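Everything below concerns the one structure shown next.
Remember, it's a predicted structure, so these values are computed and weren't measured experimentally. So that the names make sense, note that chain A is the first sequence line, chain B the second, and so on, each numbered from 1.
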Protein chains: 2
Amino acid sequence: MSAPTVYDVAERSGVSIATVSRVYRNPDSVRAQTRDRVLEAARALGYVPSGNARGLASRTTGVLGLCFPDYADPDAETDAEAEAEADDSAVMLYSDQIIRGMERAARRHGYALLIAASLVGGPESLVAKVAGRVDGFAVLAKTVPTEDLEVISRRLPVVMLAGPREIDHLDHIEVANSDGERELARHLIRDHGLRSLAFVGGDRESPDAQARFRGYQEACREAGLPVTDEPDLRAEMMTQAEGVRATDALLDRAAGRERPGAILFANDQMAIGALHALERRGLRVPEDIAVTGFDGIPLSRIVRPSLTTVRQPMRRLGEEAVELLVRRLANPTRDPVSLMLPVSVARRASCGCG
Amino acid sequence: MSAPTVYDVAERSGVSIATVSRVYRNPDSVRAQTRDRVLEAARALGYVPSGNARGLASRTTGVLGLCFPDYADPDAETDAEAEAEADDSAVMLYSDQIIRGMERAARRHGYALLIAASLVGGPESLVAKVAGRVDGFAVLAKTVPTEDLEVISRRLPVVMLAGPREIDHLDHIEVANSDGERELARHLIRDHGLRSLAFVGGDRESPDAQARFRGYQEACREAGLPVTDEPDLRAEMMTQAEGVRATDALLDRAAGRERPGAILFANDQMAIGALHALERRGLRVPEDIAVTGFDGIPLSRIVRPSLTTVRQPMRRLGEEAVELLVRRLANPTRDPVSLMLPVSVARRASCGCG
DNA sequence: TTGAAAGCGCTAACAG
DNA sequence: CTGTTAGCGCTTTCAA
């Protein structure tokens with residue numbers, strides 16, 4: 001009634017369970033004749049080796065993991081335009097690209113990939129579930145309580161992605177947020193001659209958003225423009241809806257005074273919201289005002305005007321993560337590594353380059 | 001030196017291993033005071049429950065799986081335009097969307113998702129690896145030898161996606177290929193008044209491609225147009241390059257005679273190849289000739305002219321797959337289900353609707 | 001080349 | 001509420 005085991009296969013083929021095991025693990029160590037008998041019995045019984053038992057006995061799983069936050073933009077989801085008319089396509093998120101990258105790389109190394117997003121009100125520690133079933137895993141910043149990570153990373157290779165290292169003995173990969181935004185702001189200032197900029201940031205706790213703001217500040221400083229200590233506005237979740245609100249707030253605030261020549265958003269989603277808001281107000285982009293994002297999500301090139309942004313190499317992030325994990329698995333004591341992946345500015349229509 | 005176990009935690013906190021286990025499995029069944037002692041010990045030791053041991057003892061994993069083919073379009077990959085300039089964005093594939101859908105749905109049900117693509121020359125049976133580590137899994141058609149599936153599905157819930165059922169006791173979900181293509185052809189005939197159509201199909205073994213051709217035939221029949229037994233042309237892999245070749249072949253063949261008013265391709269990739277080929281020949285789409293695809297990949301709306309196509313609900317496919325798996329897990333003996341998901345025609349520029 | 005036996009770390013009755 | 005006791009199905013020495 002229950003699933004067949006090595007014992008069943010062994011019995012049916014007249015060998016010991018050790019031999020059955022060998023057939024699956026290292027076929028060449030078994031006489032061809034014996035092997036065939038075993039395989040035949042296995043087939044007849046519908047035998048499938050238990051990954052759990054294997055893992056338990058051998059202390060490896062052949063699986064790498066990824067924990068990522070539930071990044072779904074709720075606005076994009078409920079939006080009839082995005083959901084009903086749904087090309088899911090446009091809504092591809094970071095996590096999807098990281099997954100792609102990791103899956104590819106993992107496959108090359110003979111690993112499968114276990115993915116799990118932190119469910120918002122998740123009861124059980126997401127990470128524990130993953131951690132218990134993989135040989136090593138990557139974590140997107142802010143997905144898992146540092147405290148948990150602290151404990152787990154003592155027993156298992158962990159690589160932190162796209163955030164500050166937080167725990168100093170971990171491998172870690174980040175993206176050149178600051179460089180990218182500085183580059184972008186420079187472009188606006190130097191190539192488009194804009195001198196009145198506004199920056200819409202994210203949560204103060206978001207290292208990415210903060211780094212981007214720093215890049216913006218640097219560009220302003222270089223150009224001799226006024227440098228603000230804080231973004232002109234902050235948004236918690238950095239969603240499209242917040243982009244709309246931020247834009248309205250900024251423009252209302254500027255009413256009467258001179259309107260900024262460009263608004264730089266800490267991510268694409270907000271910038272796209274801004275595009276909508278501006279259109280509603282009858283302002284033309286980029287003629288009346290330039291808009292930029294950050295991330296290079298697919299939607300950014302589909303919206304009209306197409307969005308000038310900074311592309312993050314998310315897929316590569318995933319690939320590098322796997323490389324780091326594999327390398328650490330091979331050599332658990334090597335020193336922690338910290339990588340910074342370069343980004344590139346995508347000059348498109350929303351800044352006037354289209 | 002090695003990872004701490006329940007025994008270590010039990011000893012350090014002065015309880016039995018059973019209590020430690022309870023703390024993780026059902027915290028409320030342990031007195032708060034005891035629980036805290038255990039948790040503290042666990043923290044101190046860096047204890048992480050072994051998923052393998054848990055799975056082995058409880059006979060469940062809390063993980064669902066997905067096996068998908070290595071779908072990368074080699075043409076799209078090597079293409080400098082797609083790889084170097086790389087917005088991965090445009091290259092999002094079915095599998096990515098299915099993964100999205102499954103991950104979401106799995107999460108809702110408290111499952112994590114294990115994904116594995118069949119590596120081309122893969123040694124070990126991909127599916128065995130997955131099968132041994134999950135409570136149930138979905139398989140994209142043509143990914144796994146039917147023979148293996150036959151064996152495995154006797155022990156584990158399996159749902160077949162986007163293909164023929166192949167094994168009759170499996171749950172299975174397909175997409176209304178035939179309906180979609182019929183709808184599309186009708187639109188061309190009725191709304192655009194086209195009466196001379198050509199169809200470029202795929203491999204005779206591809207059920208999807210065949211079903212699409214049938215839909216095309218039906219529309220022709222309804223409209224009193226000549227009905228061919230075979231597609232005007234077939235392509236093995238249905239890549240862009242083949243789309244180019246097919247288009248050239250078709251047009252060369254028609255040289256002198258009347259050129260078809262529209263070419264319907266069995267998928268988007270070929271249709272996009274056709275767009276290139278036609279441009280090269282100086283033919284305008286849709287004025288001189290209409291072109292349609294099938295799938296609704298992201299690229300289809302980005303190309304110029306944007307491609308009229310039939311959108312497949314890939315994400316929903318993933319969601320439904322999880323629902324089916326969960327339901328079968330709850331009731332292993334219920335009759336196999338077969339779902340057909342509806343598709344929708346996306347009328348865009350390449351047929352003259354843009 | 002094959003077999004015997006001892007775990008791997010946890011859950012699941014069943015007692016208490 | 002907590003402890004005892006068997007396994008779960010496989011890998012892995014160590015012998016034969």
What's the [atom1]-[atom2] distance between [X] and [N], to the nearest Å?
X	N	atom1	atom2	value
B/Asn52	C/dG9	CG	P	10 Å
A/Glu11	C/dA4	CD	C1'	17 Å
B/Asn26	D/dC1	CG	C1'	12 Å
A/Arg35	C/dT2	CZ	P	10 Å
B/Arg59	C/dG9	CZ	P	20 Å
B/Gln33	D/dC1	CD	P	13 Å
B/Leu56	D/dC8	CG	C1'	4 Å
A/Arg133	C/dC10	CZ	C1'	11 Å

Is there a side-chain polar atom (N or O) of [X] under 4.0 Å from OP1 or OP2 of [N]?
X	N	result
A/Ser50	D/dG9	no
B/Thr34	D/dT2	yes
A/Ser29	C/dT1	no
A/Arg25	D/dT12	yes
A/Ser58	D/dT11	no
A/Ser21	D/dT11	yes
B/Tyr7	D/dG3	no

Which residue lies more 5' along DNA chain C, comparing B/Gly55 with A/Gly14 via nearest heavy atoms: A/Gly14
Donor-acceptor contact below 3.5 Å, side chain A/Arg133 vs main chain B/Gly51: yes
Would you mind checking if [Y] and [X] are paired as a salt bridge, meaning a charged N to carboxylate O distance below 4.0 Å?
X	Y	value
B/Arg43	A/Glu147	yes
B/Arg154	B/Glu150	no
B/Glu323	B/Arg327	no

Quick one: which of [options] gets closest to the side chain of [X]?
X	options	answer
B/Val6	C/dC10, C/dA12, D/dT2	C/dC10
A/Ala57	D/dT5, C/dG9, D/dT11	D/dT11
A/Arg22	D/dG3, C/dT2, C/dC10	C/dT2
A/Arg31	D/dG3, C/dT1, C/dT11	C/dT1

Min side-chain heavy-atom separation B/Ile115-B/Phe137 under 4.5 Å: no
Touch class at under 4.0 angstrom, heavy-atom based, for B/Val20 against every strand present: nothing
CA sep, side-chain torsions, deciding dist, call: B/Thr5, B/Asp8, side-chain contact (heavy atoms from CB on, under 4.5 Å): CA-CA 5 Å; B/Thr5 74; B/Asp8 303 313; 3.6 Å; yes
